[in-house]
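Take a look at the structure set out below.
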Amino acid sequence: MARTSKKKKTGKIPLSRRFHVGVYARLSVEGNERKNESIDTQIAMAKQYLKEHPEMELYDCYTDLGRTGTSFKREGFERMMQDVRKKRINCVVVKDLSRFGRNHIEAGNYIQKIFPFMGVRFIALADGIDTSGTDSGMDEMALNLKNLMNEMYARDIAQKVKSSKRSRQEQGSYTGGIPPYGYHAEWIEGKKCLFICPETSGIVKDIYGMYLSGKNMCQIAWELYGREIHRPGIYKKTGHVYRQEGEVLEQWGTGTVKLILTNPVYMGCLVQGTTCGKQYKIRNRHDVDSGDYSIRWGTHEPLVSEDMFFQVAAMFEKSAAKYCNSDGFSKKMPPKEDIYARVLFCGECGKRMARVANAKEFSSGHMVRYYGYYCPSSHRLDDLQCPAKSIGQSVLDDMVKIALHQEFALSGLRPGRLVKEYERQAEEKKQQIRQEIVRCEKQKEYGKKRGSGLYLKYHEGSLPLEEFQQMKKEQERSLHELAGRIEELQHRLDGMEREIAEKGKFLRNLIKCNEKTKLTKDAIHTLIRQIDVYAGHRVKITFAFRMNELLYADENGRSEKGGLQNEYKDGKNQADG
């Protein structure tokens, strides 16, 4: 007989079916109150869901504000995973999949492998995903597609943000977060500009003065502590430069002092990174490519002179030489080739300008090396002291590009003519190399015949054994040297065609002279004889005789004698020499 009665159900949920929930919320860009409300909205949505499901009990809420979804290395997320591993929570609730993460591989790995293995239920409210299988309206393929779309969105946003930042940097706008210590930022006609902060600018100047006087960074930090000056982080929180009654005074770190001494912003130069890597997912690079940062001069009022800044940078290099390689550069950031070596001179004293490098570290941890030149005689204490002058390499590059562009434009010379001229010169060099190879081959053949003659003389008895062995040894050494010389010449000859193609491409780009034109040491030494630097970013460029001959040759091939000299200031032609 069939059963007709059942036990009365109780409203209590069995313990085995109860879930301890961790609510996770994330927002990419931190900022104003509205964005903080968005985090609150995500949490409120999740809490409302829990009220409708009595089998779920909130354990804790985990948030990440200002953190990208392309990386899962987030403080709030890692804290939540720690609680998952400790079995404190067995259910994760998010507003939607994009809040959980925008890397489709890692997000899918967590949702489809890690969480099921650890017995954790995952719920994305807006996307209708519930891995318990009872309420899920999305299969595995749809889940992967959704995660992939979220990642593509992140990739697209990253490109737009980079393009927007680059555009604002071109206009001289400050694109960083908190302004550097000694400055405050204001929006002027859509541009974020830096202005000197009267309360803290004097302290920055004092730091440079103390370092130049011989104090090390540790001594400077103690000096600032003795004057009861808040370190920059505390100043941003309290707004007080000096300690007020009841406030805790924290000592300055030597790293903070070094950041101030190495930041080119204090000489009126903005060095800003547009991205932390070539791709939007790369976050751990220690250096940046030239296309990933922007250098702009004169965007704001400087706190220290260029000469003072480069003098400090030179002292850093000298100090670093004790712990790094012989050049004083960090081993993980080796120096680039000095393209102006033996070409750049001081216009006042005639001494060669000294190059100095400064490594700027961004808040993301990656670094960029910035180069400049100064007159070493300006630091002398005797009567031979030269007036202070310095120039950044980026400024010098722009001036050289403009100067070359003007000279090519005034000459009316077309790229094709220049390329043909270089091809002609290269053909002459190749012909000389071929003739040298033929000469060496003849000498080699003559040496072999002479060796045979020596053997015949020895065999006939007219040449003693000891003398024969000595002459044979010298003959073999000569033949070996000739064979090496022929191999070297053949290698040079094989590389000529590639060199011609590279020079032709370079010359075409050089005549256009846009920002992407890359100057090389070979190009500088080929086209320019000397560059003289004067105070106020004024330079005099003397073009090489060969290029002058090429540009101003008449129909009969005659040319002016001597190099062409032009003066430039900040990229503008001032006068013809």
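All figures in this text were calculated on a predicted structure; none of them were measured in a lab. Basis for what follows: all heavy atoms, side chains included, without hydrogens, waters or symmetry-related copies.
A heavy-atom distance below 4.5 Å is not found between the side chains of Thr299 and Leu194. Between Arg342 and Lys521, some side-chain heavy-atom pair lies under the 4.5 Å cut-off. Inter-residue side-chain proximity for Pro264 and Leu270 is flagged as unmet; no heavy-atom pair is nearer than 4.5 Å. Side-chain contact between Val533 and Cys346 is absent, with no heavy-atom pair separated by less than 4.5 Å. Looking only at side-chain heavy atoms (C-beta outward), Tyr235 and His240 stay at 4.5 Å or farther from each other. No side-chain heavy atom of Val312 sits under 4.5 Å from any side-chain heavy atom of Met267. A 4.5 Å side-chain heavy-atom check between Tyr340 and Arg355 finds every atom pair outside the cut-off. Counting heavy atoms from C-beta on, the side chains of Cys193 and Tyr174 never come closer than 4.5 Å.
A salt bridge links Lys215 and Glu223; the closest N-O separation between the charged side-chain nitrogens and carboxylate oxygens is under 4.0 Å.
With 3.5 Å as the limit, one finds a donor-acceptor pair spanning the side chains of Tyr373 and Asp338. Side-chain contact, Tyr62 with Asp83: a donor N or O sits under 3.5 Å from an acceptor N or O. Residues Asp397 and Tyr371 have side chains that never bring a donor and an acceptor to within less than 3.5 angstrom of each other. Glu250 and His230 share no donor-acceptor pair across their side chains, judged by distance under 3.5 Å alone.
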Thr63 vs Ile43, side chain to side chain contact (heavy atoms under 4.5 Å, CB included): CA-CA, chis, key distance, verdict
CA-CA 9 Å; Thr63 61; Ile43 295 175; 3.8 Å; yes

Output, in order, the C-alpha distance, side-chain angles, deciding distance and verdict of side chain to side chain contact (heavy atoms under 4.5 Å, CB included) for Ile207 and Met217.
CA-CA 9 Å; Ile207 290 174; Met217 290 182 287; over 6 Å; no

Report the C-alpha separation of Ile339 and Gln393 in whole Å, then their side-chain angles, then the decisive distance to 0.1 Å, and conclude whether the side chain to side chain contact (heavy atoms under 4.5 Å, CB included) test is met.
CA-CA 10 Å; Ile339 63 175; Gln393 183 172 329; 4.2 Å; yes

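Judged purely by atom type and a 3.5 angstrom limit, Asn216 uses its side chain to pair as donor or acceptor with the backbone of Gln219. Panel note: side chain Trp252, backbone Ile229; a donor-acceptor pair is recorded below 3.5 Å. Side-chain atoms of Tyr208 come within 3.5 Å of backbone atoms of Ile260 as a donor-acceptor pair (strictly under, hydrogens ignored). Side chain of Arg67 to main chain of Arg74: no donor-acceptor pair is present (N/O by atom type, distance under 3.5 Å, no hydrogens or angles). In this structure, Arg26 contributes its side chain and Gly76 its backbone to no donor-acceptor pair below 3.5 Å.
With a 6.0 Å radius and a threshold of 12 heavy atoms from other residues, nucleotides or ligands, Ile178 has its CD1 atom at or below the threshold. Surrounding CD of Gln251 are more than 12 heavy atoms belonging to other residues, nucleotides or ligands, all under 6.0 Å away.
The side-chain hydrogen bond (donor to acceptor under 3.5 Å, both in side chains) check on Glu186 picks up His184, with sequence neighbours excluded. Evaluation of the side chain to side chain contact (heavy atoms under 4.5 Å, CB included) rule for Phe345 yields Arg352, Gln530, Asp532 as partners, not counting sequence neighbours.
If you take CE on Met353 and CD1 on Ile531, they are separated by 10.5 Å, rounding to the nearest 0.5 Å. Atom CD1 of Ile524 and atom CG of Leu519 lie 4.5 Å apart (nearest 0.5 Å). To the nearest 0.5 Å, the span separating CD on Gln311 from OH on Tyr374 amounts to 7.5 Å. Here the straight-line distance linking atom CZ of Arg79 with atom OH of Tyr24 works out to 10.5 Å at 0.5 Å rounding. Between atom NZ of residue Lys389 and atom SG of residue Cys349 there is a gap of 6.0 Å, rounded to the nearest 0.5 Å. Glu75 CD to Leu65 CG: the interatomic distance, rounded to the nearest 0.5 Å, is 11.5 Å.
Here the two rings, on Phe100 and Phe77, have centers that are under 6.0 Å apart. Checked against the 6.0 Å centroid criterion, the rings of Tyr183 and His300 qualify as a close aromatic pair.
Ring geometry, Tyr211 versus Phe316: the interplanar angle falls under 30°, so the pair is classed parallel (tilted spans 30 to 60°).
Nearest approach of Val343 to Arg529, heavy atoms of both residues: CG1-O, 4.2 Å. Minimum heavy-atom separation, Ala403 to Ile541: CB-CD1, 3.5 Å.
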